[in-house]
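Worksheet: the structure to be examined is printed underneath.
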Amino acid sequence: MSNDEGICSVKLIQIAAPDFDLEKTLNSGQVFHWEKIDSGFCGTIGNVAAYLEQRGDALEGGAPATPDWQELVPPLAELVRHYFALDHSLAQICASFPDDKLMNTAREFCRGLRIIRQPKWECLATFICSPMKQVAHIRQISRKLRERFGEALEVCDQGVYTFPPAERVAQGSEKQLRECRLGYRAKNLLATARLAASGDIDLEKIATLSDADLRAALCALPGVGPKVANCVMLFAYERLGAFPIDVWIERVLREKYFARKRKVTTKRLRDFSANYFGAHGGYAQQYLFHHARMTGRRRGKGQAGEICA
DNA sequence: CTCCAGGGATGAT
DNA sequence: ATCATCCATGGA
């Protein structure tokens, strides 16, 4: 625990975080609201505002010292450990990845990247906003939703907003949601918010379902198809085998694992992904996604390094 | 300017 | 079950 105040005026605590990369984790397209502030990040964990900064094998974390804060929520360190899944055995997970050229490159490139545990509604709502949107734009939508419907908090002289509960979004109008730049996704978010607010769908209760049943329950919601369902399963329901296939991953699969093969159906890609990448396929997927997005840039046709299956 | 983005719903084969 | 088309928006 250190009292020296840099930019941040709140008291910072130390949290051991071996085998963890905060920046890679927050910028890998799984969560969209954390904002870089000097050498750290400001955001919310549930309804708690937090500042986090990596110092080697540890995190320095700070949260506003409200009088009754310690009575209301678990200690910040515990919150951070759970949110960032610091209990995941990353070595074991990475060891379960297939041993091929691209996977080995991605595994090295993404060292320390963790699949975090996001609040279920926050994750579902955010990914309903994601279809046909770039990561940068999803971040913008998330920010506008929070600014308009969330609760304003402050940490380190930085304003942050909680993600509005389904009940709050359900009170809004489609017009208000469109003003948050959701476009045609506004109708879907509103409809799903109403289902969650009314109790017609219980996002906590369905956590007990099998993977297949959970996926079906999520796909029954407006604006949720196989891809969004898999993201929500992976990022909010701890289903580490869920393998979302977006345009980046599909490109990787077709160019690196099915090079020079025509008539590769989406079903074939899905079956291959489910079997080839193992029990923690979702983790492997996230590593491939982040690596492709950071290094790809170019739609390079069959570059060297094809794997073939 | 054009192209594309962590796709899904709908209706026609 | 698979396939075509439409859907808003803004960054590159």
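Reminder, nothing fancy here: chain letters follow the sequence lines and each chain counts from 1.
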Those residues of residues 23-36 of chain A lying under 4.0 Å from DNA chain C by at least one heavy atom: none
Between B:dC3 (C1') and A:K133 (NZ): distance, integer Å: 14 Å
Touch class at under 4.0 angstrom, heavy-atom based, for A:E250 against every strand present: nothing
Members of residues 171-199 of chain A that approach DNA chain C, where some heavy atom sits under 4.0 Å away: A:R178, A:R181, A:G183, A:Y184, A:R185
Parallel, tilted or perpendicular, as decided by the 30° and 60° cut-offs, for the rings of A:F97 and A:Y283: tilted
Atom-pair distance (CE on A:M132; P on C:dG11), nearest Å: 16 Å
Sugar-phosphate, base or nothing in reach of A:L288, heavy atoms under 4.0 Å: nothing
Residue-level proximity of residues 136-148 of chain A to DNA chain C when a heavy atom falls under 4.0 Å: A:H137, A:Q140
Charged N-O contact under 4.0 Å between A:R168 and A:E151: no
Report, one pair per line, the protein and nucleotides 1-4 of chain C atoms (nitrogen or oxygen only) whose separation is under 3.5 Å.
none

Pair A:S273, A:Q285: side-chain N/O donor-acceptor within cut-off below 3.5 Å: no
Stretch residues 104-123 of chain A: residues that reach within less than 4.0 Å of DNA chain C through a heavy atom: none
Between C:dC7 (C1') and A:I128 (CD1): distance, integer Å: 16 Å
C:dA8 versus B:dG11 - spacing of their P atoms, nearest Å: 15 Å
Listed partners of A:F127 passing ring-ring contact (aromatic ring centres under 6.0 Å, His included), at least two apart: A:F32, A:F235
Strand-adjacent residues in residues 224-244 of chain A, judged by heavy atoms under 4.0 Å from DNA chain C: none
Partners passing side-chain hydrogen bond (donor to acceptor under 3.5 Å, both in side chains) against A:E147 (at least two apart in sequence or in another chain): none
Presence of A:R251 side-chain N/O under 4.0 Å of B:dC4 phosphate oxygens OP1/OP2: no
Separation of B:dC4 C1' from A:D246 CG (nearest whole Å): 13 Å
Dot-bracket notation for DNA chain C, counting Watson-Crick and G-U pairs under 3.5 Å, with | for partners on another strand: |||||||.||||
Contacts of type ring-ring contact (aromatic ring centres under 6.0 Å, His included), residue A:H291, not counting sequence neighbours: A:F109
Test salt bridge (charged side-chain N to carboxylate O under 4.0 Å, His left out) applied to A:R215 - qualifying residues, sequence neighbours left out: none
Interatomic distance where CH2 belongs to A:W248 and P belongs to B:dC4 [whole Å]: 12 Å
Residue pairs involving residues 216-226 of chain A (criterion side-chain hydrogen bond (donor to acceptor under 3.5 Å, both in side chains); sequence neighbours excluded): none
